[in-house]
> 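Structure incoming, see below.
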Amino acid sequence: MIFRAKHLLGIEPLHPTEITALLDLADSYAEHNRRGVAHRDVLAGLTQINMFFENSTRTQASFELAGKRLGADVMNMGMQASSIKKGETLIDTALTLNAMRPDLLVVRHPHSGAVDLLAQKVNCAVLNAGDGRHEHPTQALLDALTIRRAKGRLHRLSIAICGDIAHSRVARSNIMLLGKMENRIRLIAPPTLMPSGVADFGVEVFENMEEGLKDVDVVMMLRLQKERMDGGFIPSEREYFHRYGLDAAKLAHAKPDAIVMHPGPMNRGVEIDGTIADDINRSVIQEQVEMGVAVRMAAMDLLAQNLRASRSPQEVMV
Ligand code: ASP
(Lines give C-alpha, C1' and ligand atoms only; values in the text may rest on other atoms or scores of the structure.)
Protein backbone atom coordinates (compact mmCIF):
# COMPACT_ATOMS: atom_id res chain seq x y z
CA MET A 1 0.00 0.00 0.00
CA ILE A 2 1.49 3.32 -1.02
CA PHE A 3 0.95 6.52 0.94
CA ARG A 4 1.96 9.10 -1.64
CA ALA A 5 1.33 12.44 0.01
CA LYS A 6 4.17 14.86 0.63
CA HIS A 7 2.07 17.03 2.97
CA LEU A 8 -1.09 16.44 4.97
CA LEU A 9 -3.06 19.55 4.03
CA GLY A 10 -6.53 18.06 3.95
CA ILE A 11 -8.64 14.95 3.51
CA GLU A 12 -9.76 16.05 0.03
CA PRO A 13 -6.66 14.87 -1.89
CA LEU A 14 -6.38 11.53 -0.04
CA HIS A 15 -7.39 8.24 -1.66
CA PRO A 16 -9.40 5.81 0.52
CA THR A 17 -6.47 3.37 0.47
CA GLU A 18 -4.18 6.09 1.85
CA ILE A 19 -6.69 6.77 4.62
CA THR A 20 -6.83 3.07 5.46
CA ALA A 21 -3.03 2.79 5.44
CA LEU A 22 -2.72 5.70 7.82
CA LEU A 23 -5.43 4.35 10.13
CA ASP A 24 -3.84 0.89 10.19
CA LEU A 25 -0.51 2.36 11.25
CA ALA A 26 -2.23 4.62 13.81
CA ASP A 27 -4.07 1.62 15.22
CA SER A 28 -0.79 -0.14 15.89
CA TYR A 29 0.63 3.02 17.48
CA ALA A 30 -2.46 3.20 19.71
CA GLU A 31 -1.77 -0.33 20.94
CA HIS A 32 1.93 0.41 21.45
CA ASN A 33 1.07 3.59 23.37
CA ARG A 34 -1.15 1.57 25.69
CA ARG A 35 1.73 -0.82 26.34
CA GLY A 36 4.22 2.02 26.81
CA VAL A 37 6.42 0.98 23.85
CA ALA A 38 8.81 3.77 22.78
CA HIS A 39 9.61 4.46 19.11
CA ARG A 40 12.29 7.04 19.51
CA ASP A 41 14.12 6.06 16.32
CA VAL A 42 11.27 6.78 13.85
CA LEU A 43 11.76 10.57 13.71
CA ALA A 44 15.26 10.64 15.24
CA GLY A 45 17.37 13.39 13.74
CA LEU A 46 14.33 15.25 12.38
CA THR A 47 13.14 18.66 13.54
CA GLN A 48 9.44 19.36 14.04
CA ILE A 49 8.22 22.93 14.42
CA ASN A 50 4.69 23.62 15.68
CA MET A 51 3.37 27.00 14.52
CA PHE A 52 -0.03 27.80 16.02
CA PHE A 53 -1.44 31.16 14.92
CA GLU A 54 -4.71 30.31 16.68
CA ASN A 55 -5.31 28.98 20.19
CA SER A 56 -5.17 25.26 20.72
CA THR A 57 -4.95 23.00 23.72
CA ARG A 58 -5.33 19.41 22.67
CA THR A 59 -4.12 19.58 19.08
CA GLN A 60 -0.85 21.31 19.89
CA ALA A 61 -0.18 19.08 22.92
CA SER A 62 -1.04 16.02 20.86
CA PHE A 63 1.34 16.91 18.01
CA GLU A 64 4.07 17.71 20.51
CA LEU A 65 3.65 14.42 22.34
CA ALA A 66 3.47 12.47 19.07
CA GLY A 67 6.72 14.04 17.84
CA LYS A 68 8.49 13.39 21.14
CA ARG A 69 7.28 9.78 21.31
CA LEU A 70 8.86 9.23 17.90
CA GLY A 71 12.14 10.92 18.82
CA ALA A 72 11.87 14.20 16.86
CA ASP A 73 13.39 17.45 18.12
CA VAL A 74 10.19 19.40 18.74
CA MET A 75 9.96 23.17 18.94
CA ASN A 76 6.81 25.20 19.65
CA MET A 77 6.82 28.68 18.09
CA GLY A 78 4.74 31.06 20.18
CA MET A 79 3.16 32.88 17.25
CA GLN A 80 1.46 35.44 19.45
CA ALA A 81 4.89 36.58 20.60
CA SER A 82 6.58 36.33 17.21
CA SER A 83 7.29 38.83 14.45
CA ILE A 84 3.73 38.35 13.18
CA LYS A 85 2.76 40.92 15.79
CA LYS A 86 5.31 43.28 14.26
CA GLY A 87 3.63 42.97 10.87
CA GLU A 88 5.67 40.21 9.20
CA THR A 89 3.71 38.45 6.45
CA LEU A 90 2.94 34.75 6.58
CA ILE A 91 5.29 34.17 3.65
CA ASP A 92 8.17 35.97 5.37
CA THR A 93 7.60 33.91 8.49
CA ALA A 94 7.59 30.76 6.35
CA LEU A 95 10.82 31.67 4.60
CA THR A 96 12.49 32.49 7.91
CA LEU A 97 11.45 29.16 9.36
CA ASN A 98 12.47 27.37 6.19
CA ALA A 99 15.98 28.74 6.57
CA MET A 100 16.13 26.90 9.92
CA ARG A 101 15.66 23.67 7.92
CA PRO A 102 12.78 21.97 9.75
CA ASP A 103 11.65 18.57 8.48
CA LEU A 104 8.06 18.69 9.71
CA LEU A 105 6.02 21.86 10.07
CA VAL A 106 2.70 21.67 11.92
CA VAL A 107 0.57 24.75 11.25
CA ARG A 108 -2.74 26.09 12.54
CA HIS A 109 -4.01 29.34 11.06
CA PRO A 110 -7.30 31.28 11.29
CA HIS A 111 -7.48 31.76 7.50
CA SER A 112 -8.71 29.03 5.15
CA GLY A 113 -5.99 28.24 2.61
CA ALA A 114 -3.11 29.78 4.60
CA VAL A 115 -1.53 26.39 5.32
CA ASP A 116 -1.61 25.37 1.62
CA LEU A 117 0.06 28.66 0.72
CA LEU A 118 2.76 28.11 3.28
CA ALA A 119 3.39 24.56 2.06
CA GLN A 120 4.27 25.96 -1.37
CA LYS A 121 7.06 28.07 0.13
CA VAL A 122 8.94 25.55 2.27
CA ASN A 123 11.07 22.46 1.64
CA CYS A 124 9.67 20.27 4.39
CA ALA A 125 6.54 18.24 5.06
CA VAL A 126 3.62 20.40 6.23
CA LEU A 127 0.75 19.15 8.40
CA ASN A 128 -2.42 21.20 8.59
CA ALA A 129 -3.54 21.46 12.23
CA GLY A 130 -6.67 23.43 11.20
CA ASP A 131 -7.04 26.35 8.76
CA GLY A 132 -10.05 28.61 9.23
CA ARG A 133 -13.26 26.86 8.22
CA HIS A 134 -11.46 24.77 5.62
CA GLU A 135 -9.92 21.52 6.92
CA HIS A 136 -8.64 19.79 10.04
CA PRO A 137 -7.43 16.50 8.59
CA THR A 138 -5.90 14.91 11.69
CA GLN A 139 -9.17 15.52 13.57
CA ALA A 140 -11.14 13.65 10.90
CA LEU A 141 -8.58 10.84 10.90
CA LEU A 142 -8.67 10.47 14.69
CA ASP A 143 -12.47 10.51 14.57
CA ALA A 144 -12.36 7.80 11.90
CA LEU A 145 -10.01 5.64 13.97
CA THR A 146 -12.22 6.07 17.05
CA ILE A 147 -15.30 5.04 15.05
CA ARG A 148 -13.51 2.08 13.43
CA ARG A 149 -12.34 0.78 16.81
CA ALA A 150 -15.76 1.25 18.46
CA LYS A 151 -17.87 -0.10 15.60
CA GLY A 152 -15.42 -2.59 14.07
CA ARG A 153 -15.74 -0.98 10.63
CA LEU A 154 -15.67 2.36 8.86
CA HIS A 155 -18.17 1.81 6.08
CA ARG A 156 -21.96 1.60 5.74
CA LEU A 157 -22.50 3.35 9.07
CA SER A 158 -25.13 6.00 9.59
CA ILE A 159 -23.41 9.06 11.07
CA ALA A 160 -25.03 12.31 12.24
CA ILE A 161 -22.93 15.49 12.35
CA CYS A 162 -24.79 18.05 14.45
CA GLY A 163 -24.61 21.73 15.25
CA ASP A 164 -22.43 24.52 13.92
CA ILE A 165 -21.56 22.92 10.60
CA ALA A 166 -21.22 26.21 8.73
CA HIS A 167 -18.15 27.37 10.68
CA SER A 168 -16.59 23.96 11.24
CA ARG A 169 -13.43 22.65 9.58
CA VAL A 170 -13.97 19.48 11.62
CA ALA A 171 -17.32 18.94 9.88
CA ARG A 172 -15.84 19.60 6.40
CA SER A 173 -12.96 17.15 6.86
CA ASN A 174 -15.26 14.54 8.39
CA ILE A 175 -17.86 14.84 5.62
CA MET A 176 -15.12 14.20 3.07
CA LEU A 177 -13.49 11.32 4.92
CA LEU A 178 -16.68 9.52 5.93
CA GLY A 179 -18.09 10.03 2.43
CA LYS A 180 -14.97 8.56 0.78
CA MET A 181 -15.37 5.49 3.04
CA GLU A 182 -19.01 5.06 1.91
CA ASN A 183 -20.96 5.94 5.02
CA ARG A 184 -24.39 7.57 5.17
CA ILE A 185 -23.97 11.09 6.49
CA ARG A 186 -26.73 13.20 8.03
CA LEU A 187 -26.18 16.86 8.81
CA ILE A 188 -28.40 18.31 11.54
CA ALA A 189 -28.39 22.07 12.15
CA PRO A 190 -30.57 25.16 12.18
CA PRO A 191 -30.66 26.76 8.70
CA THR A 192 -28.38 29.60 9.91
CA LEU A 193 -25.63 27.11 10.78
CA MET A 194 -25.94 24.92 7.67
CA PRO A 195 -23.32 25.74 5.00
CA SER A 196 -24.52 26.90 1.60
CA GLY A 197 -24.17 24.40 -1.26
CA VAL A 198 -24.80 21.53 1.13
CA ALA A 199 -26.74 19.69 -1.58
CA ASP A 200 -23.42 18.97 -3.37
CA PHE A 201 -22.02 17.10 -0.37
CA GLY A 202 -23.98 13.89 -0.93
CA VAL A 203 -25.54 14.05 2.54
CA GLU A 204 -29.02 14.10 4.05
CA VAL A 205 -30.01 17.37 5.71
CA PHE A 206 -32.21 17.75 8.81
CA GLU A 207 -33.37 20.73 10.85
CA ASN A 208 -34.79 18.59 13.61
CA MET A 209 -32.57 16.58 15.97
CA GLU A 210 -35.14 13.90 16.77
CA GLU A 211 -35.69 13.10 13.08
CA GLY A 212 -32.02 13.38 12.13
CA LEU A 213 -30.79 11.13 14.93
CA LYS A 214 -33.25 8.34 14.18
CA ASP A 215 -31.35 5.00 14.16
CA VAL A 216 -27.88 6.48 13.62
CA ASP A 217 -24.75 4.57 14.71
CA VAL A 218 -22.66 7.63 15.50
CA VAL A 219 -23.61 11.07 16.89
CA MET A 220 -20.92 13.67 16.28
CA MET A 221 -21.53 16.96 18.10
CA LEU A 222 -19.77 20.20 17.15
CA ARG A 223 -18.81 23.24 19.18
CA LEU A 224 -20.65 26.50 18.55
CA GLN A 225 -17.76 28.46 16.96
CA LYS A 226 -18.56 31.81 18.52
CA GLU A 227 -15.23 33.30 17.43
CA ARG A 228 -16.20 32.81 13.77
CA MET A 229 -19.68 34.32 14.16
CA ASP A 230 -20.22 37.97 13.39
CA GLY A 231 -23.97 38.17 13.99
CA GLY A 232 -26.97 36.48 15.54
CA PHE A 233 -26.81 32.90 14.33
CA ILE A 234 -28.85 31.54 17.25
CA PRO A 235 -31.64 33.13 19.30
CA SER A 236 -29.93 32.30 22.63
CA GLU A 237 -27.71 29.53 24.02
CA ARG A 238 -30.59 28.32 26.16
CA GLU A 239 -32.89 28.02 23.16
CA TYR A 240 -30.10 26.39 21.15
CA PHE A 241 -29.57 23.75 23.85
CA HIS A 242 -33.29 23.10 23.98
CA ARG A 243 -33.50 22.42 20.23
CA TYR A 244 -30.00 21.18 19.28
CA GLY A 245 -28.15 20.29 22.49
CA LEU A 246 -27.59 16.55 22.87
CA ASP A 247 -29.35 15.22 25.96
CA ALA A 248 -30.65 11.78 26.94
CA ALA A 249 -34.09 12.37 25.36
CA LYS A 250 -32.66 13.25 21.95
CA LEU A 251 -30.01 10.53 22.10
CA ALA A 252 -32.78 7.96 22.69
CA HIS A 253 -33.69 8.35 18.98
CA ALA A 254 -30.30 6.97 17.89
CA LYS A 255 -29.49 3.24 17.91
CA PRO A 256 -29.18 1.85 21.48
CA ASP A 257 -25.45 1.29 20.93
CA ALA A 258 -24.79 4.61 19.18
CA ILE A 259 -21.58 6.34 20.23
CA VAL A 260 -21.30 10.06 21.08
CA MET A 261 -18.36 12.15 19.85
CA HIS A 262 -17.16 15.74 20.27
CA PRO A 263 -13.86 17.18 18.99
CA GLY A 264 -13.46 19.54 21.96
CA PRO A 265 -13.38 22.01 23.46
CA MET A 266 -16.94 21.39 24.65
CA ASN A 267 -19.51 23.98 25.65
CA ARG A 268 -21.36 21.89 28.23
CA GLY A 269 -25.00 22.84 28.44
CA VAL A 270 -24.88 24.51 25.00
CA GLU A 271 -24.30 21.78 22.40
CA ILE A 272 -24.05 18.83 24.78
CA ASP A 273 -25.37 17.87 28.20
CA GLY A 274 -22.48 17.23 30.60
CA THR A 275 -23.89 13.89 31.77
CA ILE A 276 -23.94 12.54 28.20
CA ALA A 277 -20.39 13.76 27.59
CA ASP A 278 -19.23 11.93 30.73
CA ASP A 279 -21.25 8.73 30.20
CA ILE A 280 -18.54 6.13 29.60
CA ASN A 281 -21.09 3.75 28.06
CA ARG A 282 -21.95 6.17 25.25
CA SER A 283 -19.28 8.87 25.01
CA VAL A 284 -15.98 8.14 23.24
CA ILE A 285 -14.68 11.69 23.73
CA GLN A 286 -11.66 10.56 25.77
CA GLU A 287 -10.82 7.87 23.17
CA GLN A 288 -10.83 10.62 20.53
CA VAL A 289 -8.10 12.43 22.46
CA GLU A 290 -6.15 9.19 22.87
CA MET A 291 -6.46 8.33 19.16
CA GLY A 292 -5.32 11.88 18.33
CA VAL A 293 -1.80 11.10 19.51
CA ALA A 294 -1.70 7.80 17.60
CA VAL A 295 -3.01 9.36 14.37
CA ARG A 296 -0.47 12.21 14.55
CA MET A 297 2.33 9.70 15.17
CA ALA A 298 1.23 7.76 12.08
CA ALA A 299 0.88 10.89 9.92
CA MET A 300 4.32 12.19 10.84
CA ASP A 301 5.87 8.73 10.43
CA LEU A 302 4.46 8.37 6.89
CA LEU A 303 5.36 11.90 5.83
CA ALA A 304 8.88 11.47 7.23
CA GLN A 305 9.28 8.27 5.22
CA ASN A 306 8.28 10.17 2.07
CA LEU A 307 10.56 13.05 2.95
CA ARG A 308 13.52 10.72 3.42
CA ALA A 309 12.67 8.95 0.17
CA SER A 310 12.53 12.25 -1.72
CA ARG A 311 15.99 13.05 -0.39
CA SER A 312 17.22 9.63 -1.60
CA PRO A 313 14.64 8.90 -4.35
CA GLN A 314 12.75 5.64 -4.02
CA GLU A 315 9.13 4.72 -3.45
CA VAL A 316 7.90 4.25 0.10
CA MET A 317 5.90 1.20 1.05
CA VAL A 318 3.82 0.89 4.22
N1 ASP B 1 -10.68 21.76 18.14
C2 ASP B 1 -11.42 21.78 16.90
C3 ASP B 1 -10.82 22.77 15.92
O4 ASP B 1 -9.75 23.27 16.14
C5 ASP B 1 -12.87 21.98 17.10
C6 ASP B 1 -13.26 23.28 17.75
O7 ASP B 1 -12.42 24.12 18.02
O8 ASP B 1 -14.46 23.42 17.96
O9 ASP B 1 -11.43 23.04 14.90
Side-chain angles (χ1 to χ4, degrees), residues 52-60 108-112 129-136 138-140 142-143 146 159-176 178 185-198 201 203-213 216 218-251 253-254 258-279 282-286 288-289 292:
F52 280 66
F53 295 89
E54 209 183 54
N55 289 342
S56 166
T57 321
R58 74 206 71 222
T59 305
Q60 184 167 350
R108 167 168 289 189
H109 199 281
H111 296 146
S112 306
D131 64 322
R133 304 176 188 189
H134 179 224
E135 281 235 36
H136 193 352
T138 54
Q139 178 72 49
L142 74 87
D143 289 340
T146 307
I159 299 169
I161 304 178
C162 318
D164 186 359
I165 296 163
H167 299 104
S168 176
R169 54 195 175 208
V170 174
R172 262 185 67 86
S173 291
N174 263 309
I175 291 166
M176 273 183 279
L178 297 168
I185 304 170
R186 299 168 160 214
L187 303 185
I188 315 175
T192 47
L193 295 177
M194 193 64 89
S196 53
V198 85
F201 294 177
V203 295
E204 289 174 85
V205 175
F206 295 84
E207 257 182 63
N208 177 286
M209 282 286 273
E210 286 76 4
E211 283 170 26
L213 290 179
V216 298
V218 177
V219 184
M220 198 179 276
M221 300 308 298
L222 298 171
R223 181 175 67 91
L224 262 192
Q225 308 250 319
K226 295 178 210 165
E227 74 278 22
R228 298 189 213 287
M229 296 181 183
D230 50 12
F233 284 84
I234 56 163
S236 71
E237 287 185 359
R238 212 169 135 206
E239 173 70 10
Y240 183 80
F241 181 69
H242 176 65
R243 294 200 54 194
Y244 292 99
L246 187 68
D247 56 13
K250 296 191 191 83
L251 183 57
H253 294 266
I259 55 169
V260 174
M261 308 179 77
H262 192 301
M266 275 184 279
N267 295 308
R268 288 170 184 258
V270 178
E271 69 261 354
I272 190 164
D273 187 308
T275 51
I276 298 287
D278 298 333
D279 180 351
R282 307 305 294 272
S283 164
V284 292
I285 294 170
Q286 295 309 320
Q288 288 175 270
V289 178

> Going by side-chain contact (heavy atoms from CB on, under 4.5 Å), Met194 matches just one of Ile188, Val205, Asp164. Which one?
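With Met194 as partner, Ile188, Val205, Asp164 yield a single side-chain contact (heavy atoms from CB on, under 4.5 Å), made by Val205.
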> State the CG-NE2 distance between Asn208 and His253, to the nearest 0.5 angstrom.
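Separation between the atoms: 8.5 Å.
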> Thr146: which residues meet the side chain to side chain donor-acceptor pair (under 3.5 Å) condition with it, sequence neighbours left out?
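Not a single residue meets the side chain to side chain donor-acceptor pair (under 3.5 Å) criterion with Thr146.
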> Any side-chain heavy atom of Met220 within less than 4.5 Å of one from Leu178?
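Yes. Closest side-chain heavy atoms under 4.5 Å.
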> Side chains of Arg133 and His167: closer than 4.5 Å at any heavy-atom pair?
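A side-chain contact under 4.5 Å exists here.
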> Could you tell me which non-hydrogen atom of Leu224 sits nearest to which non-hydrogen atom of Val270, and how far apart they are?
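Closest approach of Leu224 to Val270: CD1-CG1, 3.7 Å.
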> Measuring from atom NE2 of His262 to atom SG of Cys162, what distance do you get when rounded to the nearest 0.5 angstrom?
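Between His262 NE2 and Cys162 SG, I get 10.5 Å after rounding to 0.5 Å.
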> Please report the interatomic distance CG(Leu187) to CD1(Ile159), rounded to the nearest 0.5 Å.
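That separation rounds to 11.5 Å.
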> Grab the two heavy atoms, one from Lys250 and one from Phe241, that are nearest each other, plus how far apart they are.
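Looking at all heavy atoms of both residues, the shortest contact is NZ-O, 3.3 Å.
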> Looking at Glu54 and Pro110, what are the two nearest heavy atoms and their distance?
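Between these two residues, the closest heavy atoms are OE2-CA, 3.3 Å.
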> Closest heavy-atom contact between Ser173 and Glu135?
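Ser173 and Glu135 have their closest heavy atoms at OG-OE1, 2.6 Å.
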> Rounded to the nearest 0.5 Å, what separates atom CG in Asp131 from atom CZ in Arg169?
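That separation rounds to 7.5 Å.
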> Which residues pass the side chain to side chain donor-acceptor pair (under 3.5 Å) test with Glu204, sequence neighbours left out?
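Testing Glu204 for side chain to side chain donor-acceptor pair (under 3.5 Å), a comparison that skips the adjacent residues, returns Arg184.
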> Would you call Arg268 and Asp278 a salt bridge, taking side-chain N to carboxylate O under 4.0 Å as the test?
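Between Asp278 and Arg268 there is a salt bridge, with a charged N closer than 4.0 Å to a carboxylate O.
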> Check whether any side-chain heavy atom of Arg223 lies under 4.5 Å from a side-chain heavy atom of Pro263, and answer yes or no.
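Not in contact.
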> Would a 4.5 Å heavy-atom cut-off, applied to side chains only, mark Leu142 and Gln139 as touching?
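Of all side-chain heavy-atom pairs linking Gln139 with Leu142, at least one is under 4.5 Å.
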> How many angstroms lie between atom CD1 of Ile259 and atom CG of Leu251, to the nearest 0.5 angstrom?
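One gets 11.0 Å once the value is rounded to the nearest 0.5 Å.
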> To the nearest 0.5 Å, tell me how far Ile161 CD1 sits from Arg172 CZ.
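It is 12.0 Å, given to the nearest 0.5 Å.
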> Is the shortest side-chain heavy-atom distance between Glu237 and Asn267 below 4.5 Å?
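No, their side chains stay 4.5 Å or more apart.
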> Take Glu271 and Leu246 through the test side chain to side chain contact (heavy atoms under 4.5 Å, CB included) and record every step on the way to the result.
CA-CA 6 Å; Glu271 69 261 354; Leu246 187 68; over 6 Å; no
> Surrounding CD of Glu239 (heavy atoms of other residues, nucleotides or ligands, distance under 6.0 Å), is the total greater than 12?
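Result for CD/Glu239: enclosed.
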> Got Tyr244 and Leu193 here, is their nearest side-chain heavy-atom distance under 4.5 Å?
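Heavy-atom side-chain distance check fails, nothing below 4.5 Å.
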> If every non-hydrogen atom of Gly130 is compared with every non-hydrogen atom of His136, which pair is closest and at what distance?
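Shortest heavy-atom contact: N-ND1, 4.0 Å.
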> Ala160 and Gly212: which non-hydrogen atoms are nearest, and at how many Å?
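Heavy atoms of Ala160 and Gly212 come nearest at CB-O, 4.5 Å.
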> With a 4.5 Å cut-off on side-chain heavy atoms, are Ile165 and Ser168 touching?
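They are not in side-chain contact.
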